[in-house]
Amino acid sequence: MPARARDAILAHYHRTARDLPWRVGPRANHRPDPYRVWLSEVMLQQTTVATVTPRFAAFLERWPDVEAMAAAPLEDILQQWAGLGYYARARNLHACARAVAERGGFPETEAGLRELPGIGAYTAAAIAAIAFGEDSVVIDTNVERVVARLHALDRPVKSAKGEIARLADPLFDSVDSGQMAQALMDLGATICRPKNPKCSECPAQADCKAFASGTPEAFPPKPPRKQRPERHGTAWWIEREGKLFLVRRPEKGLLGGMAALPGTDWNDGTPDENPAISVRHVFTHFALTLSIEERDAPPDQTEGWWQPLDRLDEAGLPTLYAKAVKAFAKAERSGPLTA
DNA sequence: AAAACGGGGCG
DNA sequence: CGCCCAGTTTT
């Protein structure tokens, strides 16, 4: 039974494969550039294809190969990454590029790739399969969902990793793992979607127990999610002679290593009463209300630099601070702050 | 085993 | 406005 689903999924992929900039089509007789596969895979960690596509092109134009990226300063990588989130990925990208350039190229096995910074189980398996033709079993959330539905797995994925791996294995048996990995990703993205799956278009419908159940969307069951705490803080707008005072956040922790407005710590509890300007930003694990206040000078012993306001885009501010700048500019144009 | 870690797009 | 996404690292 799994062999039929396997073949149907692969055949469907050959007919309908999405044309993606980092992808070599199913009809090509060569493997894609490992550098491009790696870069796209890292970008696609927790980030959608639509968001990644233009950012991938910009990275590739600036750094056409791993040696070029390895030669760039970390600061440039972070600036180019700004807005993509999960900034540890950018730091690991830089460290990985240097390690790969140092050793003269990408390792060609899953085990070798797994040793590199920012490359975990999924990404190692994906690069090994897609770029090097290794017979790895590639399991990401798409594959987990497809497999859970094929078998009507009624336990949360989180508590059934072993079982998922066992059930995924036959899908990769005796086929090109790279093709199957990409086939399953397309299937998960376009047909076997988390919500409103298009079972009528699915090549594996006849072998799908979730479809047979009549409620395919119920698989796999989602664990209860926990609530998000509220935090608040203040960022300081310190402007002098057309320049804005910026700081660099600590390497470790939230928005690590990124450019930022200086400000207070972010605390739990009740926010400031009636701030003139504030922005709201929702992180994975808490929601932040950030007030923006004008200030004449940086606090003593605050390390930072003066960024020309007409070159603020070059600072590489993450989205939270880009929002703050936008909110301040808008208030300044219309409000009484500097009127 | 669980928490930390961003942001954008969609219904 | 809540949910989800081509996960990895740290605790």
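The distance between atom OH of A:Tyr122 and atom C1' of C:dT8, rounded to the nearest whole Å, is 13 Å. One interatomic measurement links the two molecules: CZ of A:Arg89 to P of B:dG6, which rounds to 9 Å at whole-angstrom precision. A:Trp81 places its CH2 atom 12 Å from the P atom of C:dT8, with the value rounded to the nearest Å. Between the CD atom of A:Glu144 and the C1' atom of C:dC4 there is a distance of 14 Å, given to the nearest Å. Going from atom CG of A:Leu84 over to atom P of C:dA6 covers 15 Å, rounded to whole Å. We find that CZ of A:Arg91 is positioned 12 Å from C1' of C:dT8, with the value rounded to whole Å. Separating the CZ atom of A:Arg280 from the C1' atom of B:dG7 is a distance of 15 Å, rounded to the nearest angstrom. Look at CH2 on A:Trp38: it is 15 Å from C1' on C:dT8, rounded to the nearest Å.
Map A:Leu320 and A:Lys158 each onto its nearest nucleotide of DNA chain B; the residue landing nearer the 5' end is A:Lys158. For A:Arg145 and A:Gly118, each mapped to the nucleotide of DNA chain C holding its nearest heavy atom, the one lying further toward the 5' end belongs to A:Arg145. In terms of position on DNA chain C, the residue among A:Pro194 and A:Gln45 whose nearest nucleotide sits closer to the 5' end is A:Pro194. The residue among A:Asn196 and A:Leu255 whose nearest nucleotide of DNA chain B is located toward the 5' end is A:Leu255.
In this structure a side-chain-to-backbone donor-acceptor pair under 3.5 Å is present from A:Ser136 to A:Ala125. A donor-acceptor pair is defined here as one N or O able to donate and one able to accept, closer than 3.5 Å; no such pair exists between the side chain of A:Arg18 and the backbone of A:Leu20.
In terms of phosphate contacts, A:Thr319 brings a side-chain nitrogen or oxygen within less than 4.0 Å of OP1 or OP2 of B:dG8. An OP1 or OP2 oxygen of C:dG7 is reached within less than 4.0 angstrom by a side-chain nitrogen or oxygen of A:Gln46. Here A:His281 does not reach the OP1 or OP2 of B:dG6: none of its side-chain N or O atoms lies under 4.0 Å away. Of the side-chain N and O atoms in A:His285, none sit less than 4.0 angstrom from OP1 or OP2 of B:dA4. Contact annotation: A:Thr48 side-chain N/O to C:dA6 OP1/OP2 distance is not under 4.0 Å.
A:Ile119 comes within 4.0 angstrom of sugar-phosphate atoms only, judged by non-hydrogen atoms across all strands, and of no base. Among the protein residues, A:Ser40 comes within range of no part of the nucleic acid, since none of its heavy atoms lies under 4.0 Å from any strand. A:Leu20 comes within contact range of at least one nucleobase, with a heavy-atom separation under 4.0 Å. Heavy atoms of A:Arg18 sit under 4.0 angstrom from at least one base atom. The residue A:Gly188 sits apart from the nucleic acid: no heavy atom pair falls under 4.0 Å. Within the 4.0 angstrom heavy-atom criterion, only backbone atoms of the sugar-phosphate kind lie near A:Gly253; the bases stay farther away. Residue contacts shown for A:Ala121 are limited to sugar-phosphate atoms, with no base heavy atom under 4.0 Å away.
Taking the P atoms as reference points, C:dA6 lies 24 Å from B:dA3, given to the whole Å. C:dT11 and B:dG6 have their P atoms separated by 14 Å, with the value rounded to a whole Å.
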- Item | Steps toward side chain to side chain contact (heavy atoms under 4.5 Å, CB included) verdict (A:Gln45, A:Val42) | CA-CA 5 Å; A:Gln45 291 167 7; A:Val42 172; 4.1 Å; yes

- Would A:Val100 and A:Leu116 count as a side chain to side chain contact (heavy atoms under 4.5 Å, CB included) if you check the C-alpha gap in whole Å, the side-chain angles of each, and the deciding distance to 0.1 Å? CA-CA 8 Å; A:Val100 168; A:Leu116 293 166; 3.9 Å; yes

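For A:Thr141 against C:dG7, no side-chain N or O and base N or O form a donor-acceptor pair under 3.5 Å. On a pure distance criterion of 3.5 Å, no polar donor-acceptor pair joins the side chain of A:Thr51 and the base of B:dG7.
Distances were taken from every side-chain heavy atom of A:Lys222 (C-beta onward) to each of C:dG7, B:dG7, C:dC4; the shortest belongs to C:dC4. In this structure, the nucleotide among C:dG7, C:dA6, B:dG6 sitting nearest to the side chain of A:Tyr87 is B:dG6. When each of C:dA6, B:dG6, C:dT9 is scored by its nearest atom to the side-chain atoms of A:Arg114, the top-ranked nucleotide is C:dT9. When distances run from any side-chain atom of A:Phe283 to the nucleotides C:dC4, B:dG7, C:dA6, the shortest one goes to B:dG7.
For A:Arg91, the CZ atom sits in a packed shell: over 12 heavy atoms of surrounding residues, nucleotides or ligands are nearer than 6.0 Å.
At least one side-chain heavy atom of A:Trp38 sits less than 4.5 Å from a side-chain heavy atom of A:Leu93.
Taken from CH2 in A:Trp266 to CG in A:Leu288, the straight-line distance is 5.0 Å, to the nearest 0.5 Å.
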